[in-house]
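Below: one structure, written as structure tokens.
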Number of protein chains: 2
Amino acid sequence: MPSQIAQRTLAHVVQRPAPHPCLVGARVALRPQCLGCDGRPDTGQRLLERGDVCVMQGDPATHLFAVVEGFLRESTYDADGRAVSARIVGPGHVLGLAALNPTPSSYVATIEVLSRARVCILPADRARAWFTDHASFALDLAVLAAADLDHLRRDLALRAQPADDRVLALITELVRASTSDPLAWVRLPATREQLGEVLGLTLETVSRAVQRLVARGHLELRGRDLRLTSTHDATPSHPTSRSDAANPDKSTAT
Amino acid sequence: MPSQIAQRTLAHVVQRPAPHPCLVGARVALRPQCLGCDGRPDTGQRLLERGDVCVMQGDPATHLFAVVEGFLRESTYDADGRAVSARIVGPGHVLGLAALNPTPSSYVATIEVLSRARVCILPADRARAWFTDHASFALDLAVLAAADLDHLRRDLALRAQPADDRVLALITELVRASTSDPLAWVRLPATREQLGEVLGLTLETVSRAVQRLVARGHLELRGRDLRLTSTHDATPSHPTSRSDAANPDKSTAT
DNA sequence: CGCGTCCTTGATTCATTTCAAAGTTAGTGG
DNA sequence: CCACTAACTTTGAAATGAATCAAGGACGCG
């Protein structure tokens, strides 16, 4: 039964609370320490403050970043320095995968801290060595990347919808990722402008959309804090049924 | 020196001709046969015709698809059956990564054949077993997925630009992926409507954009064939320089 | 040669951007 | 504690790019 799109996440954050105390470790082990880490290892984690920049678009890619806590924004800028695409990532995410590439490459996005965050920073060569010795974790990482890919695709799909829907979807994600209670009052970790960059809208449009959502009763606003008023899923659905298929069989491949 | 965005590709197709005769095998070995395969293995490849559908959005994910030759379109549909996002993939691509997920999952996109294609179809469990025994290939796959991710991000970025630019960028990619001579006459493997789905535009807008490009001398049209008139890269560039960075050091991570 | 599919072109409508100007909020230092 | 400021948000009016609706025209298959 086809409803894989149901699960709404913040740029790939698993929202069902993982048993593992570290959301990264729950999904993939990036180094030996991960296997027994409780989310606060003795070594290797950095505490970052709002506004810190982890990497800049164009820097040579040398490190992986695993988000343990807090929110970062990964954005791409064009020649004029305008943000042309962005996503907000929360706990559980691994950024900077470009660094794994055996041929030297550069980061394609700038990573910036939105709200106080704890991040594991990990040299690419060490990660590569670790994965080479531990095949199943490398596979986990590939699966993780594939999930990111799907999510990004969903984001792309969202762009076909009107501004209001997109804003509501993003806010819902952010709220879910920051608190367990979906109806709690929260302060978003991003400004209207940053939300706009993620959604491909201008700050004014985001503001107007928020106002419309308030007017329609989807949202409550109190200063810079906000609250969702319902737990509706706004979840899209499926394909049109089509016929013929080149259906796979028990073959093998390259 | 920061210009990783320079390399324009068709949804992640490597355009520099790989030494390996199979563009998939050149990037990742998906099964033992890959190691010695010349692009036409004795077993496991399927020849698909235009219009064939490999998988439908929502089907349980059980197989991986590796594109050896030809073009496929991977698209997502919304509840009304409208295409909300799509990409065109050519030789070298591995689709259906969702199948690698150890917990049963479904495909999030429909994969359809655009032009006669040879595709290796590979059961997920077999792939998983193979990768578990061959760590470095799993890592290759993760790198591949990461590259896809970057490309998708670039596509997302493209959406911030006007229709004409996007159409030109896509056509340039398609031309490069289909012939070695960037100035040759080619027949695009997609209709205006399909291009529109990839770009998030309507068929009319694509048509008008093409006409404008012809008028401005970027393109020549002859019936349904077309030709680029220059090899300009239309390549975007970089960030605004910023200062402080949480610069990585020799730490480790989870 | 005729029909289905694909492409072009025009007129109109609409959502979003842009430009511009206030209005809020929260943090700072006197 | 208050004034002051910088950053952020709201709101308005006009401009704009793309979608939509609608009609013709070209290609290519059988």
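In what follows, chains carry the letters A, B, and so on, assigned in the order in which the sequence lines appear, proteins first and then strands, with residues in each chain numbered from 1. From a predicted model like this one, the values you see are computed outputs, not experimental measurements.
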Looking at every strand, decide which applies to A/G200 at a 4.0 Å heavy-atom threshold: base, sugar-phosphate, or nothing.
sugar-phosphate
Sugar-phosphate only, base, or nothing, as touched by B/R187 at under 4.0 Å among non-hydrogen atoms
sugar-phosphate
From the candidates D/dG28, C/dC19, D/dC8, the one with an atom nearest any side-chain atom of A/E204 is C/dC19
Minimum-distance nucleotide (side-chain atoms of A/T205 versus C/dT17, D/dT10, D/dC8):
C/dT17
Where the side chain of A/T191 is defined as all heavy atoms beyond and including C-beta, which of C/dT16, D/dT9, C/dA26 is the nearest nucleotide?
D/dT9
Phosphate contact (C/dT9 OP1 or OP2) by B/R212 side-chain N/O below 4.0 Å:
no
B/L114 to B/P189 - nearest heavy-atom pair and separation:
CB-O, 3.6 Å
5′-ward residue of the pair A/R222/B/L221 relative to DNA chain C:
B/L221
Look at the side chain of B/R208 and the base of D/dT20, then say whether one donor and one acceptor between them are separated by less than 3.5 Å.
yes
Would you say the side chains of B/R118 and B/Q45 form a donor-acceptor pair under 3.5 Å?
yes
B/A190 or A/D164: which one's nearest nucleotide on DNA chain C is closer to the 5' end?
B/A190
Go through the steps for B/E74 and A/R153 under the test salt bridge (charged side-chain N to carboxylate O under 4.0 Å, His left out), then give the verdict.
CA-CA 10 Å; B/E74 187 184 38; A/R153 197 144 36 229; 3.1 Å; yes
Describe the nucleic acid contact of A/R159 in one word from base, sugar-phosphate, nothing, applying a heavy-atom distance below 4.0 Å.
nothing
From the set C/dA26, D/dA26, D/dA18, return the single nucleotide nearest to any side-chain atom of A/R224.
C/dA26
Tell me which nucleotide among D/dT20, D/dA18, D/dT11 gets nearest to the side chain of B/T202.
D/dT20
Closest listed nucleotide, where the reference is the side chain of B/R192 and the choices are C/dC7, D/dT11, C/dT18:
C/dC7
Between A/R216 and A/D164, does a salt bridge (charged side-chain N to carboxylate O under 4.0 Å, His left out) hold up when you go through it step by step?
CA-CA 11 Å; A/R216 273 192 268 135; A/D164 291 19; 2.5 Å; yes
